[in-house]
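What follows is a single structure, written as structure tokens, with notes after it.
Position 1 is the first residue of the sequence; numbering continues from there. Below, all heavy atoms of this structure are taken into account, side chains as well, without hydrogens, waters or symmetry copies. Here the structure is a predicted model, which is why all the values come from computation and not from measurement.
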Amino acid sequence: MQVLLIEDNEDDAELIRDALCEHSPHDVLLTWADRLETGLLKLAESSADAVLVDLSLPDSQGMDTLVRVRAQAHEAAVIVLTGLDNDLVAEKSLLHGAQDYLVKGRLTGDGLKRAIRYAMGRHRVEQALRKSEERFHLTCLATRDGIWDWDITSGETWFNDAYLTIYGPGLKAREIGRIPWADHIHPEDRTSILAGLNQTLESDKNLWTAEYRFRRTDGTYAYVIDHGYVLRNYAGTPYRMIGAKTDISDRRQAETMHAVQLAVGLALEESVSLNEAVPKILRAMCELQGWTLGALWLVDTRHAVLRCNALWHPSGQQTETFAQVYRTLFLRQDLGMAGRAWKTDAPAFCSDILNEADFPAHDAARDAGLHGAIAFPIHAGKEILGIMEFFTVDVLHPAVSRLERIAELGAMISQFLDRKDLERQLRQAQKMEALGRMAGGVAHDFNNLLTIINSWAELLMDEPGLTSRAQRGMAQIREAGNKATGLTRQLLAFTRHQVVERQSLNLNDRVSDIVELMKRVIGEDIHLVLTLDPTLGRIKADPGQIEQVVMNLVVNARDAMPHGGRLELETGEVMISHSDPFWPDPLPPGPYVTLAVRDTGCGMSAETLAHVFEPFFTTKELGKGTGLGLSTVYGIVRQSSGTVGITSEVGKGTSFTIYLPRLEEDADAPRVVTQPKVTSEQSETILLVEDNDMVRGLAHTVLVAQHYHVLAARSGEEALEMVRRQGRHIALLVTDMVMPGMGGAQLAHELQILQPDIKVILTSGYSGRDETLLKTFDTQVAFLPKPYTPESLTKAVAAALESQTWQGSCKDTSHST
């Protein structure tokens, strides 16, 4: 929404900007002008949806300001925004073209945005009415309207041919004071219309306009708008009146439908879900269209029927009886208007449901006096979500335009569902990204601390003279550190920054290898069923991570079945032909290997499903879970270029489906990793760069103990200056990747320019970027993840120094997590 603010007070302008953009800064594009002329230039340069203008400006004052803005604003709504609370000024502002008058001191952000939306809506309605009036005048010029000329003095009246053809002759006899077409006015409208006309004749007004129902020659009634002009003599006595009747039945229907669309659009915009919007939509459509009852039927795909989800009707015992009967029905395709619309996927129309013997609740409909019915489908994506159906006490006459407008309403609601779903996906993606950044940052800091805790615990365990109590304490510290390391690795798996060793593997083998472990985990009261595709293709993934995925899903299923049940694991293959934009993580086309894990447990609500992959989200009691199981599954699968599908229904179980890209048949065999030897006598010079003082001190202690000559620096800049100043040959650089100023990757690049044969080990506690970074270097670069231990550090250093051309990741295998 583009808004132009013309306000000379900078503080007020800033407050208004904050109010509009505080909660949803991307929804409003605010442009500010502190003078009227500046604002008019901005309007000339680009269009705006709404203009907020103060009447008191340095270069313009009062209503003149509003008149000039209104003339330049064209299609934009104009809102007077002033500190003056004056009813007279407010009335004049509205008369001079403003859509609203707001006092600054009373505004809130939501109130201001709501006022802008309403002003824009009113402006659109005003424009539509103006265009309708223009069409009316053109019609009059073309003499398609019923023109009449009434001689009040004599009582004689002239009608043109169009009038006589459509409405027939009025009262032609000379009956002074008798309005010649009075008998043709609908009985319900006659008294008020004649009273209004007589009041105009008795006053000093010259113009008279009325809308009412007027009888046609075929006996049906048309909605007409009647314009008349009164001619008076010098004494003010009326002696003649000329006017024209315009049949506005179609226009009135269009305006009604336009009002319905506005009401439906407003209900949709103000609602977060279809369930919240439906009652508002049903009521608005019934009241504006004059319909008696509205219902929403949702498709039950499992049982192939329609179920009534919502129903609205005004108070009344007969209608209530019908509603009670109708909402308990289950409609098949072709049964009733809703079933017909479901089957044809198009609007369905019935002039009188009482003429259809197979209409459900026929007797109740007769007792309620219902006749006409209309229904139309609404979609979610490409599938029919449900049917909206309406009834009226009038017998309906088929009209193509009515069906077209009803179809437009269905399309409008369907577009809303699509947009809301895309908004939900965007919000979920943004939320998961933000959570990932936070979790990754926490893991990075924790890994520095755990490197210190775990390594010193390991070093001190080997100290001579420790008491048995001290040894037990150090063992407890090491065990707690290892568990904390496991938690940080789970966080890194969720954020897809965990270091992995991918290799070609068969998913069936990984599932089969842990069958016995699964049985022990789930217990005897859960029946485990494996359905493994013998022709399953291979995938590229970390074997340990895949086993972690399977076990996390199995544990999740077990917890959902506290009283036992059935757990199914099924592998298979599927070909994705096109990316579905409505998936949370759309897959590129290609072949995929799938793993489905289904349980018959308690299932999950829609609200729980929206949070199921978020870290630390759990429905378990306090202390019963970390909330990292499913988020770890999500991170591992996404890191392996796959996605996770999930379906669940409360009380009926849950199904997770893992999709992983299938490898070609000639995929590379698993890489064999050899463990380097650790030597006891060293003489090489190692440059150690680490911004964390405690981690740097630890690594320095470990490397010096291995008889290396170690140069330590706290930053990339300090390390580079040290090398340039001393001119010493550096055999190996061990550097943290993420440091203030110059990072480890940049430092490695600079040092390789100075000493091309230098070996490099990059370390980090937050890295899934190792593969990308390593590709930018030669084969003399390796990666060591944090937290590392003295053993893993010395092994990585020894491997780097001993190899001629060596590159890869150095995993810490000294402790299990």
Side-chain angles (χ1 to χ4, degrees), residues 444-445 447-456 458-459 676 678-767 770 773-774 777 780-803 806-810 812 814:
H444 173 269
D445 292 339
N447 278 330
N448 277 333
L449 297 174
L450 290 171
T451 298
I452 300 163
I453 295 171
N454 295 351
S455 296
W456 279 115
E458 182 176 320
L459 290 173
V678 181
T679 60
S680 59
E681 296 293 334
Q682 313 293 344
S683 61
E684 291 88 345
T685 298
I686 298 175
L687 177 60
L688 173 64
V689 188
E690 168 64 61
D691 63 306
N692 188 292
D693 294 339
M694 290 188 290
V695 176
R696 187 175 65 254
L698 168 70
H700 185 274
T701 300
V702 171
L703 294 176
V704 168
Q706 295 295 320
H707 306 289
Y708 294 109
H709 181 72
V710 181
L711 301 177
R714 69 177 62 245
S715 68
E717 292 83 357
E718 180 183 339
L720 196 59
E721 180 61 27
M722 183 183 298
V723 173
R724 288 171 176 168
R725 185 177 63 251
Q726 296 186 7
R728 182 190 295 268
H729 179 267
I730 306 298
L732 175 65
L733 167 67
V734 180
T735 178
D736 191 14
M737 288 176 58
V738 182
M739 297 183 293
M742 180 183 294
Q746 183 181 355
L747 173 61
H749 181 73
E750 296 288 343
L751 288 179
Q752 283 187 333
I753 295 176
L754 296 176
Q755 299 185 14
D757 60 339
I758 190 173
K759 308 291 178 59
V760 180
I761 295 178
L762 298 173
T763 71
S764 179
Y766 175 60
S767 168
D770 54 314
L773 282 171
L774 293 176
F777 293 97
Q780 301 181 133
V781 178
F783 179 79
L784 176 63
K786 291 180 180 178
Y788 53 73
T789 63
E791 180 183 358
S792 63
L793 175 60
T794 55
K795 284 183 178 180
V797 169
L801 292 174
E802 289 181 1
S803 63
W806 171 77
Q807 181 190 48
S809 297
C810 309
D812 182 1
S814 60

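Put simply, the side chain of Asp693 reaches to within 4.5 Å of the side chain of Arg696, judged on heavy atoms. Two residues are said to be in side-chain contact when any heavy atoms from C-beta on lie closer than 4.5 Å; His709 and Leu711 meet this criterion. Leu751 has its side chain out of reach of Ile730: every pair of non-hydrogen atoms, C-beta onward, lies at least 4.5 Å apart.
The two residues Leu784 and Ser792 make their nearest non-hydrogen contact at CD1-O, 4.2 Å. For the pair Glu791 and Thr794, the tightest heavy-atom approach, listed with the atom from each and the gap, is O-OG1, 2.9 Å. Heavy-atom minimum distance, Met739 versus Thr735: CE-OG1, 3.6 Å. Nearest heavy-atom pair across Leu801 and Tyr708 is CD1-CE2, 3.4 Å. Residues Thr685 and Arg728 approach most closely at CG2-CD, 3.5 Å, considering heavy atoms. Residues Leu687 and Ala719 come closest through the heavy atom pair CD2-CB, 4.0 Å.
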For side-chain contact (heavy atoms from CB on, under 4.5 Å), just list the numbers for Met742 and Leu720, CA-CA rounded to whole Å, side-chain angles, deciding distance to a tenth of an Å, and then say yes or no.
CA-CA 10 Å; Met742 180 183 294; Leu720 196 59; 4.1 Å; yes
One pair to check against side-chain contact (heavy atoms from CB on, under 4.5 Å): Glu750 and Val723. What are the steps and the verdict?
CA-CA 11 Å; Glu750 296 288 343; Val723 173; over 6 Å; no
Applying side-chain contact (heavy atoms from CB on, under 4.5 Å) to Asp736 and Asn692, what does each step give before you reach the verdict?
CA-CA 9 Å; Asp736 191 14; Asn692 188 292; over 6 Å; no
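The CE atom of Met722 sits 5.0 Å away from atom CD of Glu718, with the distance rounded to the nearest 0.5 Å. In this structure, Leu747 CG and Glu717 CD are separated by 8.5 Å, a value rounded to the nearest 0.5 Å. Rounded to the nearest 0.5 angstrom, Gln755 CD and Lys759 NZ are separated by 12.5 Å. The distance from the CD1 atom of Ile758 to the CD1 atom of Ile753 is 12.0 Å, given to the nearest 0.5 Å.
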